[in-house]
Amino acid sequence: VGDNQADTPANTGAGWLPVVRELLEQLAGNHIVLLPISQGEEIVDFEIVAASPQVVDSYGRPRDEMIGSKLRETYAAVVKGEVWQAYRAAYLHGRPTTVGPFSYPATSVEVSPPRFTVRLRRIGDGLLASWNRHDDLREPKERIAQTERLANLGWSERDLIAGTTSWSDQLYRIFERDPAAGPMSPEEIEAVTVPADRPLRRRATERLSVGSPADVTYRIRVGGKIKHVRTIADTIRDLHGRPMRIFGIVQDVTARVTNRTRLAQVEQRLHEQQQNLAAESRLVTELQQIILPIPLAPFDLSGLRVAVRYLPAEQASRIGGDWFHAGVAFDGSVILAVGDVAGHGIRAAATMAQLRQAFVTLSTTATSDPDELLRYLNRLLLADPDGASIASAVVARFDRASQTIQWAQAGHPAPLHTRKGATTQLARPPGTLLGALPDPVYTTTSFTIRPGDLLLLYTDGLIERRGRTLEEGLTPVIATLNELTAEARPAPLADLLSQLRRANPRDDTCILAARLNPAEAASEQMADAGSHIIAGSLQQT
Amino acid sequence: VPWPKLAFQTIRSGDRVSLAVAGELDLATGPSLEQTAIGLLREQPGELILDLRQVTFCDSSGIASLLRIQRAAKRTGSGLRLQNVHGLVRQVLDLGGVSGFLGLGESAPTLRPDGLPPPSPS
């Protein structure tokens, strides 16, 4: 129904509509669901987007022809009067409303116009309209049969005096029994009842025998499948109160039960998932704040000025594995590093914490060699019993005396280096991802940093976006760096961080930018008959 | 947002099994690739060929999956061969420094002997 209505309101993503459609399938009578069509604030029309199977409109059109039609276009006579007002009001105010009986103006050669009562009720983002046609002339017997079929409803009648039972056609269909075999005996019904539900059925029979009506839903196994049937039964007595007949209505409610169960299951799962997701992202965010407090302003470290920015993923659940370090090593050199642990969530955050902790310990006590630090980290990850963690990192060491930056990488994008408006990605020495191989080669390489230069270490959330190559991802970053260093600025680091703000929706990003400490650079500048451009950038950051 | 998906097709010729992979290889889809590939290795030890022609994205989680498949192959005395590794996938494997290890032949090192950055692209 409505599958061919590509651009109608029916397809605007209403999640309730499929459920309502399924419900309508179960209903006898005339029911339609309409969605409003608005122009600005005003509702100008309604479109029929779903209908019960046997619905017939005032023109005698069946369901297939009604779906997709608009109230105003198709039932023009409606639009002016009280009926239209009722539709609008029921939708806008959400109050169930009944209009009628009213007549449509004679539409054809009918001598007397048909009369209707319409009940309106807001449902989801739409309107449910149900109506009775008071002068419905369709044959009552045929209607009963149709109702039976549509509602999957059968009836049985047991004459207790004559000892006979009769079943309606539909009841044979429900129990998948050949009508020629005649109705089933109570014992036969007991036999096809699922054993677990037999006590339920027996209790209902007992209630019936003491004069109360019974209403019980139980499962039967017929034709190799399980059906849920609801039976409503009552006893008809003679003047002396003696039971004469038992009248029962039996409905196959399997579809309803399975739909309800499925819905409940989906709801439950969704609920659990949401709870877990929310709890996990809260925890990850807290973890990150504990492990990795981000300094808000640029800070100075033994000759370098450093700034850090962390851009969390747009989806909170994607946050997790990025880390940075900027600190002074045991030998007085400055160690800068950023890293990324594969994966997201608590697991990645835990691995990140472990790596960073080890890194800080090692660099403050054991070594300041970038390649050696990476070898330690690799060993640490390989020692992980799961063997499941993989990470990348880039480590740089600033030596104040020689003004050199030594660096090494493990499966990580090379830092960017900007000098006077020109940015290059540093040439990467070999280096495999951490945790991938038992004995990888890491090599340290170096360059001299000059006053005014910018060094940018980053995790690849900055450049890695789906649907484009790594170079394409770098282009805007490089453009920003070039612009920022093309002319003197009082606070290039702060400007840089504020411009690299856009988060990657799929991955968090960590950016660490460094330049020579302005004071340091100034003393350097005395010797160097330096340019005013560089001098200009020596103002406070 | 549709969930990222990975589709597989197994092609057998003689005693060689080739698994054609299509889609995005990441944290969400990696486990399904591992499961499928390791299942094939168990079923038919020997050489498993992973055809990555239709893989449009791969991240470090995807690399981890490939490495785990390779580890599983080695454990059972089998081999893993990657085929049609192109574009972004190749770039990511190179970036991770695992191309050589995965039998792709290391891309030439871009390091200059003096360790200085190459000239600016602009």
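Labels below follow one simple rule: chain letters A, B, ... track the order of the sequence lines, proteins then strands, and each chain is numbered from 1.
- Rounding to the nearest 0.5 angstrom, the gap separating the CG atom in A/Leu433 from the CD1 atom in B/Ile63 is 5.0 Å.
- Chain B forms the most heavy-atom pairs under 4.5 Å with one residue out of A/Ala410, A/Ser392, A/Gly431, and that residue is A/Gly431.
- For OH of A/Tyr376, the number of neighbouring non-hydrogen atoms (other residues, nucleotides, ligands) closer than 6.0 Å is 12 at most.
- Taking CZ of B/Arg68 as the start and CD1 of A/Ile390 as the end, the distance is 7.0 Å to the nearest 0.5 Å.
- A/Arg428 has its side chain within reach of B/Leu95: a pair of non-hydrogen atoms, C-beta onward, lies under 4.5 Å apart.
- Taking a 6.0 Å sphere around CD of B/Gln35, one finds it holds 12 or fewer heavy atoms contributed by other residues, nucleotides or ligands.
- Within a 6.0 Å radius of CZ in A/Arg450, no more than 12 heavy atoms belonging to other residues, nucleotides or ligands are found.
- Of all non-hydrogen atoms in B/Leu67 and A/Ala436, the two that sit nearest each other are CD1-CB, 3.3 Å.
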